[in-house]
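Here is the structure we will look at.
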2 protein chains.
Amino acid sequence: MTTKGDAIKVSILKALQDAEEPIGASRIAEKLYSMGLSVRPRTVRFYLLQLDNEGLTHRVSRRRGRTLTEKGKEELAHANVLDKIGFIAAKVDTLGYRMNFNLRKGEGTIIANVGVINKRDLGRAFLAMGPVFEAKLAMSDRMFLAEGGEKIGSLVIRQNMVCIATVCSVTLNGILLSERIPVVSRFGGLLEIRNGQPARFVELIEYGGTTVDPLEAFIRAGMTRTTECALSGNGIVGASFREVPSAALDAVMRIHKMMTQRGLGGMLAIGKPNRPLMDIPVADGRAGIVVIGGLNAMAAIHEAGIDVELRSLACLADYSLFRPLPEVVAMAHNRRIFRR
Amino acid sequence: MTTKGDAIKVSILKALQDAEEPIGASRIAEKLYSMGLSVRPRTVRFYLLQLDNEGLTHRVSRRRGRTLTEKGKEELAHANVLDKIGFIAAKVDTLGYRMNFNLRKGEGTIIANVGVINKRDLGRAFLAMGPVFEAKLAMSDRMFLAEGGEKIGSLVIRQNMVCIATVCSVTLNGILLSERIPVVSRFGGLLEIRNGQPARFVELIEYGGTTVDPLEAFIRAGMTRTTECALSGNGIVGASFREVPSAALDAVMRIHKMMTQRGLGGMLAIGKPNRPLMDIPVADGRAGIVVIGGLNAMAAIHEAGIDVELRSLACLADYSLFRPLPEVVAMAHNRRIFRR
DNA sequence: TGATAAAACGGCAAACATGCCGTATTCAGT
DNA sequence: ACTGAATACGGCATGTTTGCCGTTTTATCA
């Protein structure tokens with residue numbers, strides 16, 4: 001069966017394409033894992049050797065690793081269409097890699113989710129979001145607003161609409177990555193909260209096997225109870241399950257603290273090396289973490305019966321644009337975007 | 001890494017547990033594949049040998065295959081919790097195996113999806129479903145109705161509610177299985193229809209990686225355009241992608257014809273051996289088929305703004321209960337469940 | 001500048017997965 | 001009862017994947 005090896009080769013090419021600089025087998029193996037393909041670095045080297053011979057990859061230097069050759073890029077262009085359908089996992093990885101936030105300084109770009117609503121609903125939307133932020137059910141208690149006519153990412157906002165942006169939970173992947181901690185996103189799901197504590201996942205969708213953001217689907221399907229959770233401490237909210245290398249756990253804890261100081265939260269639970277977390281087992285040498293959904297504030301808006309057009313993983317945005325809710329409310333008022 | 005082999009062993013035990021009678025390595029391999037684990041029959045035999053030695057399985061006879069021993073069942077009880085979370089793929093398999101429909105006679109049990117709505121919405125629901133059936137966007141143009149107080153499967157219907165049941169697309173798996181054709185369900189998704197022809201999948205969720213029925217999620221999320229599609233030939237409907245052995249393609253075509261005669265449709269497209277279908281590649285020795293969503297009639301109800309509680313893969317039901325829409329409407333009218 | 005550490009490579013061999021094939025068992029039909 | 005077809009098993013050989021480890025290259029820091 002030549003098929004299996006070929007699949008690995010194609011994936012290696014893909015991993016190399018995503019990287020802008022030469023990378024080695026270990027890094028490639030990591031990328032493959034986050035694409036749902038478990039292979040050891042040695043195996044990657046084994047196939048890289050063949051790819052070199054076929055002229056699809058090129059060994060830049062013994063230390064720096066490989067790059068794609070022109071021929072390799074071409075080859076990839078012909079490859080499997082399904083791979084291009086754009087499973088969410090790939091998008092998550094790419095954005096996490098492209099963002100650029102300096103945790104120590106608290107500045108730089110982060111990843112944003114956006115929701116577009118009608119201007120007239122803005123007041124009610126603010127009311128819905130408040131409790132979610134207060135209950136720390138979002139990545140951050142900051143957000144920002146864009147008005148009709150403005151442009152955010154590639155999205156142009158229509159007249160009479162406003163766009164609300166919140167911090168996406170994938171931002172966490174980017175922050176950890178900048179500390180050289182690779183994060184693998186495994187599931188998006190619905191997390192049951194009891195007495196303010198995460199209890200268990202009630203539904204799961206694997207990131208590797210979906211083209212839609214699971215949390216977005218759950219929210220649109222009306223399966224969340226975010227507001228209820230924010231007010232009473234019991235409910236169902238969006239959350240995701242990710243894995244980090246066990247060796248990096250200390251660093252993760254440390255970063256968690258720093259993030260909290262910067263107004264960024266989001267890690268609901270951190271597991272122990274090789275131990276299941278919330279009944280979900282992890283790969284060898286890894287530990288699980290449960291991350292709150294960045295869309296939860298939008299979920300509350302949706303639950304309030306307001307028509308909201310969701311777009312998760314929307315774009316990169318500068319963190320300085322994001323302000324605490326009261327400030328945003330005041331600003332909206334001054335600019336007469338809405339009246340109380 | 002002892003982990004990998006162990007995972008295979010556990011899965012083999014699970015496959016044996018699902019089967020009520022002794023089965024051999026090939027059948028086990030098939031079950032594993034539909035659980036998302038690709039292993040050859042020989043490999044299964046390789047591990048069965050070990051399991052025999054460990055006393056977890058027992059070789060009934062050279063011809064009949066293996067069963068679980070008591071010790072094996074116990075072992076399984078301790079195994080991995082995630083495996084029990086109940087990914088949809090497992091449920092699909094089990095139901096397909098348990099149903100029992102004789103295609104030649106046109107009688108026996110099939111798998112039903114149900115939707116529960118308020119009695120007062122019934123008239124509007126009928127209106128919404130009509131075009132869907134006519135445009136052949138459902139598995140069958142038959143359905144049945146249960147009133148408040150009645151019981152369907154384990155679901156008791158509340159007063160003032162009515163329950164609408166339609167034929168679930170997993171019924172197809174069961175029918176093919178009874179002809180000894182194993183079907184593997186790969187993706188549930190949203191299929192774009194152009195000029196009455198399936199054009200491409202716009203979203204996909206892998207069955208192996210989700211605990212929710214993808215189509216149910218898409219419908220609840222309001223991502224379908226079923227009615228529009230039924231009326232104009234252009235729209236977005238629920239559909240799923242499955243695989244059958246290439247060798248069985250002729251039989252599949254034949255069965256497709258027979259099903260059509262029985263008022264059962266559902267196969268929108270049948271691929272060629274080893275060739276991608278709708279841009280989705282298939283495993284070696286298999287061919288893809290696109291199957292219409294059994295929930296599409298419910299989708300139309302939802303799109304009409306009627307509050308409907310969906311439950312896919314709800315239960316087994318006798319096909320004789322299912323009647324064409326006009327007949328059901330007339331009956332509902334006679335029984336004064338609703339008035340025009 | 002020189003030492004040290006990090007990251008990558010690939011040879012070699014072991015472990016794992018699977019193809020090929022001859023043999024055993026059972027069912028169904030004559 | 002006998003025969004042919006179907007199905008399952010496991011020995012042996014081959015192909016894949018991976019661990020172990022010594023070597024090479026280069027960034028970094030004293």
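Each chain gets a letter, A, B and so on, in the order its sequence line appears, and its residues count up from 1.
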Side chain T211(B), main chain L204(A), donor-acceptor under 3.5 Å: yes
d(CZ, F46(A); P, dC20(D)) in whole Å: 18 Å
Minimal non-hydrogen separation, Y207(A) against I88(A), with atom names: CD2-CG2, 3.4 Å
Touch class at under 4.0 angstrom, heavy-atom based, for R27(B) against every strand present: sugar-phosphate
pair I110(A)-L264(A): side-chain heavy atoms closer than 4.5 Å: no
Residue-phosphate contact under 4.0 Å: R42(B) side-chain N/O, dA8(D) OP1/OP2: no
Expected output: side-chain T210(B) to main-chain E206(B) donor-acceptor under 3.5 Å: no
Lys/Arg cation over aromatic F101(B): R262(B), 6.0 Å, 45° cone: no
Rounded distance in Å - CG (L51(B)) to P (dA8(D)): 17 Å
Partners passing side-chain hydrogen bond (donor to acceptor under 3.5 Å, both in side chains) against D318(A) (at least two apart in sequence or in another chain): S320(A)
Distance, rounded to the nearest Å, where R40(B) contributes CZ and dG10(D) contributes C1': 19 Å
Rounded distance in Å - CG (L48(B)) to P (dG11(D)): 13 Å
Presence of R66(B) side-chain N/O under 4.0 Å of dT7(D) phosphate oxygens OP1/OP2: no
Whole angstrom value for the distance that separates C1' of dA15(C) from NZ of K9(B): 14 Å
Measure all distances between protein nitrogen or oxygen atoms and nitrogen or oxygen atoms of nucleotides 25-30 of chain C, and list the pairs falling under 3.5 Å.
{"unit_1": "dT26(C)", "atom_1": "O2", "unit_2": "R63(B)", "atom_2": "NH1", "d": "2.6"}

Main-chain N/O of G285(A) paired to S246(A) side chain as donor or acceptor, under 3.5 Å: yes
Nucleotide dA8(D), atom C1' - distance to CZ of R59(B) in whole Å: 9 Å
L49(A) CG to dT18(D) C1', straight-line distance once rounded to whole Å: 15 Å
Separation of dG10(D) P from D52(B) CG (nearest whole Å): 7 Å
dA8(D) phosphate, OP1 or OP2, under 4.0 Å from S26(B) side-chain N/O: yes
